[in-house]
Amino acid sequence: MAASDTERAQQQIDEIEALSSIYGEDWCVVDEDEKIYCIKINDCLDQPKWTLCLQVILPPGYPTAEPPIYQLNAPWLRGQDYMELANVLEEIYVQNLGESILYLWVEKIREVLIEKAQSSDPEPDIKKTSEEVVEDDGDDFLLDYQPVQEDPIKMLNYITSESQEDEELPFIHHGNPITDRRSTFQAHLAPVVTPRQVKRVLEQLYENKKIASATHNIYAYRIYCEDKQTFLQDCEDDGETAAGGRLLHLMQILNVHNVLVVVSRWYGGILLGPDRFKHINNCARKVLVEYNYIPSVEESSKQAGKSKKIRKDNKKRTEH
């Protein structure tokens with residue numbers, strides 16, 4: 001007999017609780033409402049050389065009827081390496097249809113990383129700029145912090161043109177800040193329909209001394225091009241490895257467009273581990289809800305209830 005929605009939901013809860021218990025701080029809840037999770041996997045050495053982040057979304061039909069939606073994030077993982085690892089994960093799913101497979105996936109990835117560490121493969125050349133390797137003396141970091149990478153605004157110059165110089169600056173909204181262990185996160189949002197507007201909003205934000213002095217200003221944007229029926233989208237980590245990609249991924253899942261979201265993070269001297277990604281995405285999600293780009297959890301539940309009632313009524317009519 002096929003599993004019910006309730007049974008599948010309980011299976012998901014049980015699996016998540018088990019994984020959280022097994023992997024501790026390496027396990028991260030990116031977005032509880034959307035069932036998005038991330039786990040940091042390494043080669044088990046005292047000083048890991050090879051690491052990878054596995055991000056998964058659990059659809060309503062998982063594990064009995066649908067596979068998890070996944071993304072593999074690592075600066076060194078490209079091309080053939082990515083395809084080979086993806087094929088291995090999909091093979092594990094096929095061999096264990098209907099079963100909870102996230103643990104099997106994580107340990108298989110770890111096995112691959114250990115093999116790389118033990119082989120003659122050169123170590124990945126990764127410039128580490130996130131909080132995991134940054135030590136700070138405390139509250140004075142705002143005065144001392146100097147960005148070491150290229151100004152993210154300059155990265156947009158190549159896709160803007162002089163003919164767009166006079167485009168109107170969109171109104172910028174600011175979300176409520178979240179503070180955890182002396183680190184503060186705040187989201188900023190602006191409606192955008194061209195890359196030039198994205199550039200202008202970023203320039204405007206950086207004129208604010210407080211925002212300019214943030215340890216990281218992570219952003220992502222999505223613009224729908226009606227003539228080509230495609231999306232123009234991009235993101236920026238600003239030193240917080242993979243944070244921009246996660247933010248863009250969240251916006252893709254929520255299907256929002258013609259909007260730029262920037263999340264400023266002021267580091268307070270205490271490492272937050274995976275919790276920082278949760279705060280970044282939560283800030284972004286809240287500001288998108290506040291300005292009606294996506295419905296709130298309550299509204300989504302009401303809509304789902306209405307849809308369920310309509311389907312039930314239609315079924316009754318069909319039966320009669």
Side-chain angles (χ1 to χ4, degrees), residues 16 19-20 23-42 48 51-57 71-75 106 126-142 144-149 152 174-189 205 210-221 235-254 260-289:
I16 294 309
L19 292 170
S20 177
Y23 298 114
E25 288 190 356
D26 289 335
W27 176 261
C28 171
V29 179
V30 179
D31 192 314
E32 188 74 55
D33 297 327
E34 298 294 332
K35 302 288 183 71
I36 307 173
Y37 307 93
C38 183
I39 180 165
K40 184 179 179 182
I41 310 165
N42 62 49
T51 62
L52 182 150
C53 285
L54 170 65
Q55 185 167 305
V56 295
I57 306 168
Q71 182 172 322
L72 302 168
N73 296 318
V106 171
I126 303 170
K127 184 178 182 182
K128 297 179 181 178
T129 54
S130 71
E131 72 160 38
E132 300 300 337
V133 293
V134 174
E135 295 296 334
D136 203 286
D137 293 331
D139 290 331
D140 294 334
F141 75 96
L142 288 178
D144 298 330
Y145 176 73
Q146 294 293 330
V148 295
Q149 62 186 82
H174 305 281
N176 292 323
I178 295 174
T179 299
D180 180 13
R181 286 163 282 179
R182 292 166 50 192
S183 277
T184 298
F185 303 79
Q186 185 177 26
H188 322 281
L189 175 151
L205 286 171
K210 182 178 179 183
I211 293 173
S213 67
T215 316
H216 309 289
N217 282 300
I218 302 120
Y219 73 76
Y221 67 88
C235 60
E236 169 61 42
D237 295 338
D238 194 24
E240 185 66 285
T241 306
R246 294 181 188 206
L247 178 56
L248 178 58
H249 193 50
L250 175 68
M251 293 170 70
Q252 291 168 335
I253 292 164
L254 298 175
L260 163 70
V261 177
V262 181
V263 178
S264 302
R265 190 265 175 100
W266 292 269
Y267 177 50
I270 299 173
L271 299 179
L272 301 187
D275 282 351
R276 66 194 192 279
F277 298 115
K278 178 179 69 176
H279 295 322
I280 290 166
N281 275 19
N282 280 346
C283 274
R285 197 173 196 283
K286 285 178 180 178
V287 80
L288 287 166
V289 169

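None of these values were measured; they are calculated from a predicted model.
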Within the 4.5 Å heavy-atom criterion, are Asp180 and Leu272 side-chain neighbours or not? yes

Tell me if the CD atom of Glu34 is crowded by more than 12 foreign heavy atoms within 6.0 Å. yes

Gln186 and Ile178: CA distance, side-chain angles, deciding distance, side-chain contact (heavy atoms from CB on, under 4.5 Å) verdict: CA-CA 6 Å; Gln186 185 177 26; Ile178 295 174; over 6 Å; no

Give the intermediate values and the outcome of side-chain contact (heavy atoms from CB on, under 4.5 Å) for residues Leu189 and Leu288. CA-CA 8 Å; Leu189 175 151; Leu288 287 166; 3.6 Å; yes

Please assess Tyr267 against Glu240 for the test side-chain hydrogen bond (donor to acceptor under 3.5 Å, both in side chains), listing each intermediate value before the final yes or no. CA-CA 11 Å; Tyr267 177 50; Glu240 185 66 285; over 6 Å; no

A side-chain contact here means heavy atoms from C-beta on lying under 4.5 Å apart; do Tyr219 and Val263 qualify? no

Taking every non-hydrogen atom, the tightest pair across Leu52 and Leu54: CD2-N, 3.9 Å

Show the numbers, then the answer: is there a side-chain contact (heavy atoms from CB on, under 4.5 Å) between Lys278 and Tyr37? CA-CA 9 Å; Lys278 178 179 69 176; Tyr37 307 93; over 6 Å; no

Heavy atoms only: give me the nearest Gly244-Cys235 pair and the separation to one decimal. O-CB, 3.4 Å

Mark yes or no for whether Asp237, through its side chain, and Ala242, through its backbone, hold a donor-acceptor pair below 3.5 Å. yes

Just wondering, do Gln55 and Phe277 contact through their side chains at under 4.5 Å, heavy atoms? no

Strictly distance-based, threshold 3.5 Å: is any side-chain N or O of Ser183 a donor or acceptor partner for the main-chain N or O of Gly268? yes

A side-chain contact here means heavy atoms from C-beta on lying under 4.5 Å apart; do Arg246 and Cys53 qualify? yes

Can you tell me how far the CG atom of Leu254 sits from the NE2 atom of His249, to the nearest 0.5 Å? 10.0 Å

For the residue pair Lys40 and Trp27, would you count it as a cation-pi contact if the rule is NZ or CZ under 6.0 angstrom from the ring centre and within 45 degrees of the ring axis? no

One should read off an interatomic distance between Ser20 OG and Asp26 CG, to the nearest 0.5 angstrom, of 11.0 Å

Would you check if the side chain of His216 reaches a backbone N or O of Asp238 as a donor-acceptor pair within less than 3.5 Å? yes

Is it true that a side-chain atom of Arg276 and a backbone atom of Gly273 form a donor plus acceptor pair closer than 3.5 Å? yes

Quick check: do Gln252 and Leu248 have side-chain heavy atoms less than 4.5 Å from each other? yes

Keeping Thr51 on the side-chain end and Ile41 on the backbone end, is there a donor-acceptor pair under 3.5 Å? no

Looking at Ile211, is its backbone amide N or carbonyl O close enough to the side chain of Asn217 to form a donor-acceptor pair, meaning the two atoms are under 3.5 Å apart? yes

With sequence neighbours left out, write down each residue that passes side-chain hydrogen bond (donor to acceptor under 3.5 Å, both in side chains) with Asp275, or none if nothing qualifies. Arg181

Distance in Å, Arg265 CZ paired with Ile218 CD1, rounded so as to fall on 0.5 Å steps: 8.0 Å

What are the two closest non-hydrogen atoms of Ala187 and Val287, and how far apart are they? CB-CG1, 3.9 Å

With sequence neighbours left out, write down each residue that passes side-chain hydrogen bond (donor to acceptor under 3.5 Å, both in side chains) with Thr179, or none if nothing qualifies. Thr184

Return the orientation label for the His174 and His188 ring planes: parallel under 30°, perpendicular over 60°, tilted otherwise. perpendicular

Indicate whether the side chain of Glu236 and that of Tyr221 have a donor and an acceptor atom separated by less than 3.5 Å. no

Just so I know, are the side chains of Asn281 and Leu247 near enough to count as touching, which here means a heavy-atom distance under 4.5 Å? yes

